[in-house]
Chemist: 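Before I ask anything, here is the structure I am working with.
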Amino acid sequence: MASTSNSTSSKIITLRSSDGEVFEVEESVALESNLIRRMMEDDCANNIIPLPNVTAPIFYLVIEHCKKHAEMKDNKEKKKELRSQGEELLKSDPHTYSNLMEAVNYLDIKSLMDLTAQWLADFLKGKSPRLIRELLKIKNDFTPEEEAEILERNRWAFD
Amino acid sequence: MEYDGVGDEELPFLDQTTLYDDCLRSRKKPRFHNNSMIENSNTQDFISHLPDECIVEIFRFLPSYRDRCSCAAVSKKWLVLQAEMRSSEFKYNNISTLQAQNCRASRCLEGKKANDTSLAAMAVGICPRGGLTELCIKGSFPSQGITDFGLKIIAQACPSLKSLTLWDCPKVGSKGLVSIAHGCSWLERLDLLNSPSIGDEGLISIAKNCPNLLTLNLDSCSGIGNESLYALARYSSKLESISLIKCPFQGDEGIVSLTSSLPKLEKLKLVSLSANDDVLEAVGRHGKSLRTFCLENISSVSEVGFCSFGRLEKMEFVSLRSCTGLNDTSFKAIGAGFIGLKVISIRNCTTLSDKGLKDLTQSASLLESLILVECNNVTSKGLRELFMNCHKRLKVMCLVKCEGLKEEKEEANPNSIQSSLLPKCPFLESLTLNSCAGIGDSFLSWLGSACHQVRHLELMGLKSVTDRGVLTLLKALDTKNKALETVDLSGCVRLTDWSVLAITSAFGEKLRSLKLDGCERVSDRSLEMIAELCPCLVELHLSSCGISDAGVLRLGRSRSQCIEILSLAGCKGITDKSLHHIEMMLGTLVGLNIKQCHGLSKKEVDSVRDIIWWCDVLH
């Protein structure tokens, strides 16, 4: 059980992750998620909201980043810091990254979606197709001719 | 509030969440998956299991165009996802300058390269530059050709597409064309050949959504029927040019409705269709803007149809081939109706008589070009009438396989047609006589009396013509201005070096092309003259001529040569020595045909290939 807020002024929402852990989250934070927002609008917030697609460790990360994001709204320094954290995560624990992104997508949190997408985009920047495949372990399913054709078609971009 | 019941309540919750899940998905833009393109998705990597919208979201943040291209080259899935993105979806859209620079872009995919992967790659490459304006796809590998999916990507990436050509794309159906219709509303030209899966639905959508359509060509598209033509008649009022070839429309109603409701139609081509007199009548009544009319292989039209044309004053180019109903009356009606006629081509028409030719040309006094192919009933009498009527303007005369053109037996007869001179044609610049077996020397000199400024002379396959005939024809030409530029005497087997001497000495200075293929009696002496007298010659064809190494040596030694294309195919007298002489022509040669030269060794040919590597050598 984890409480993410001590404030009594705002309403607390209770959520349950796929592995059974129950979270209490401040409403303002929970409402960042469009999924939760819609569930509440449809009046099922009196119960614990189940999140069958999100595990507890990932949900922690989500909450953490939601808060960070809320804090750094007007702070450019922190924004930069948050953006640079992505590369570390991608290098050290790509699986967590992809689980995080999946959860963010499922919960439909716009701000975090932008952030996590930005992380990977930054990571991809300047890398060759071959290096990208190697780092992300993506299988090359082009035939050699197709690959040559694609590079040929877009060669002007690489000059 | 906490919830304490587990177990039984799990189920409704699950239902609820899946419900939300669905509603969530429906609010997001759906991404189209094509399983035929993505065959083996690898589960090993941790990116691929992300939903497509996540990956698209990542691509949205790619900083530069270069990175987009890199990502597109990673895997098929990534390529497809990139290809489906519009340039407005990218966050950093810093390519507006490129867009302005490349407002016109055209691409052609042929053969093996005509597949969906190439189209997707192209879409990624071209999208930020505003897309293509012209796309041409010529498939030839049915198993891997493009599909509706490829066209869908193109429709998305190229909103300003103006011209689309699909040849041999059996896998493309109406669905692909519908995407094009919705995505490319500026389409002006659509060209479909041998794409039988495209049905009326596709073409109707084009008619409804592409109001700027100007040109439509349909060839061998068996799925397209009358419904399409009705829709085009109704919506495509800007259409200027229509060509319908081998499309089995049911009945003529579609074509009639098309011709009668398109006021701007300038060009109409109907080939191998079931069209009857009603179609011709509709053309006559409504085709006031028609400039070009082409009717080929139509077997159910009659004299009545041709006579109902009436006056179509703007008509300039007419081509008739293998049609029924063409007789003296129809030709008279055509001549009288098409008073502005400039070019007429009549092919495979045995019913064209001398009288027909006379009547046709009598009122069509503006006629500049006449092409007759396999019109066996035309004789020198008809030809004389033609020259009488049109000599003032005639520019091009082409007679191919007209068996009725013959030598007159009694040459001495003062009343015979060929003993009287023809009126001079001051503007006749191109004369072609091809495979008219009856034409001999006296016919040629008779025809020569009409020539003066001919620049292009083609006398092909005239087996009974000798040097005498060619010489008298040349005498009639204006030698002062040296007008002759191209001469083709291929297949005139009786010609010798004398003809070549006459041509080169009188016209060598400006001669650019000389073809003597199959003139076996032409020998090294001709080459000597060509080398000395033809400084501008670019093309020289000597296939199966009686030349040897000595002649080629003369050619190679001449300093002022600028020959680019040389054909020596089937010359028996040529040996490896010639190759060394050809090397002397360094620099200018771009095409060399030495097929079936049995005197050449492979080794030497290969070594020549290495030396003149820029030249296309056929062996």
Side-chain angles (χ1 to χ4, degrees), chain A residues 14 16 20 22 34-35 38-39 42 44-53 94-95 97-99 101-102 104-106 108 113-114 116-122 124-133 136-143 145-147 149-158, chain B residues 1-3 6 9-10 13-14 16-18 20-21 23-24 27-28 38-42 44-51 53-79 91 107 112-113 115 117-118 120-122 124-126:
Chain A
T14 314
R16 189 177 57 225
V22 176
N34 288 325
L35 178 82
R38 278 195 293 275
M39 286 171 118
D42 293 351
C44 43
N46 291 330
N47 304 318
I48 295 179
I49 300 179
L51 302 169
N53 288 1
H95 277 283
Y97 168 81
S98 75
N99 289 336
M101 177 137 209
E102 209 176 5
V104 165
N105 181 56
Y106 167 73
D108 198 5
M113 194 67 196
D114 285 358
T116 45
Q118 181 79 65
W119 281 351
L120 191 57
D122 286 347
L124 295 173
K125 183 185 168 183
K127 293 191 167 67
S128 72
R130 186 188 295 210
L131 189 61
I132 294 172
R133 269 184 229 124
L136 301 181
K137 298 194 173 59
I138 296 173
K139 194 186 164 196
N140 180 9
D141 52 358
F142 291 118
T143 63
E145 291 111 38
E146 280 172 337
E147 195 175 2
E149 163 89 2
I150 291 164
L151 293 176
E152 174 67 24
R153 290 247 162 249
N154 300 324
R155 197 174 50 186
W156 64 274
F158 297 100
Chain B
M1 192 179 151
E2 279 206 22
Y3 182 75
V6 196
E9 267 68 30
E10 278 292 343
F13 271 127
L14 271 177
Q16 214 164 27
T17 43
T18 45
Y20 281 113
D21 223 27
C23 113
L24 185 74
R27 280 178 211 196
K28 291 204 172 177
I38 310 156
E39 280 144 11
N40 306 310
S41 67
N42 192 344
Q44 208 183 5
D45 64 297
F46 54 87
I47 291 296
S48 292
H49 81 271
L50 284 174
E53 58 251 37
C54 285
I55 298 174
V56 169
E57 200 64 29
I58 292 160
F59 290 159
R60 275 189 60 224
F61 284 90
L62 286 174
S64 75
Y65 179 68
R66 201 194 138 134
D67 293 314
R68 277 177 227 171
C69 289
S70 293
C71 286
V74 166
S75 72
K76 284 192 179 181
K77 180 171 171 169
W78 282 31
L79 172 65
K91 192 154 178 275
R107 291 283 186 281
K112 262 190 172 174
K113 290 187 174 177
N115 56 49
T117 310
S118 294
M122 203 163 65
V124 173
I126 209 74

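Each chain gets a letter, A, B and so on, in the order the sequences are listed, and its residues count up from 1.
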Chemist: Which answer fits B:Leu50, side chain, backbone, both or neither, if we ask what part of it has an atom under 4.5 Å from a heavy atom of chain A?
Modeler: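 For B:Leu50, side-chain heavy atoms alone lie under 4.5 Å from chain A.
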
Chemist: A:Glu146: which residues meet the salt bridge (charged side-chain N to carboxylate O under 4.0 Å, His left out) condition with it, sequence neighbours left out?
Modeler: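 By the salt bridge (charged side-chain N to carboxylate O under 4.0 Å, His left out) rule, A:Glu146 matches B:Lys76.
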
Chemist: For A:Asn105 and B:Glu53, what are the C-alpha separation, side-chain angles and deciding distance, and is it a side chain to side chain contact (heavy atoms under 4.5 Å, CB included)?
Modeler: CA-CA 8 Å; A:Asn105 181 56; B:Glu53 58 251 37; 3.6 Å; yes

Chemist: For A:Gly126 and B:Asp67, work out which heavy atoms get closest and say how close.
Modeler: N-OD1, 2.7 Å

Chemist: Does any part of the side chain of B:Leu79, heavy atoms only, come nearer than 4.5 Å to the side chain of A:Phe142, both counted from C-beta?
Modeler: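 Yes, at least one pair of side-chain atoms sits under 4.5 Å.
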
Chemist: Side chain from CB out, backbone as N, CA, C, O: work out which of these in A:Asp122 comes under 4.5 Å of a heavy atom of chain B, or both, or neither.
Modeler: neither

Chemist: To the nearest 0.5 angstrom, please state how far the CG atom of A:Asp114 sits from the CZ atom of B:Phe61.
Modeler: 3.5 Å

Chemist: Would you check if B:Ser70 and A:Leu124 make a side-chain contact, meaning some heavy-atom pair closer than 4.5 Å?
Modeler: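 Side chain of B:Ser70 against side chain of A:Leu124, heavy atoms only: no contact under 4.5 Å found.
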
Chemist: What residue among A:Ile138, A:Leu131, A:Ile150, A:Leu136 forms side-chain contact (heavy atoms from CB on, under 4.5 Å) with B:Val74?
Modeler: A:Ile138

Chemist: Looking at OG of B:Ser75 and CG of A:Asp141, how far apart are the two atoms once the value is rounded to the nearest 0.5 Å?
Modeler: 5.5 Å

Chemist: Could you walk me through whether A:Met101 and B:Ile58 pass the side chain to side chain contact (heavy atoms under 4.5 Å, CB included) test, one step at a time?
Modeler: CA-CA 10 Å; A:Met101 177 137 209; B:Ile58 292 160; 3.8 Å; yes

Chemist: Return the set of residues passing salt bridge (charged side-chain N to carboxylate O under 4.0 Å, His left out) with A:Lys127 (not counting sequence neighbours), or none when no residue passes.
Modeler: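 Expected list: none.
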
Chemist: Which distance, rounded to the nearest 0.5 Å, do you find between the NZ of A:Lys125 and the SG of B:Cys71?
Modeler: 13.0 Å

Chemist: As an exercise: rank A:Arg130, A:Glu147, A:Gln118 by heavy-atom pairs under 4.5 Å with chain B and give me the winner.
Modeler: A:Gln118

Chemist: Among B:Ala72, B:Ala121, B:Pro51, which residue forms the greatest number of heavy-atom pairs with chain A at distances under 4.5 Å?
Modeler: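 Option with the top pair count is B:Ala121.
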
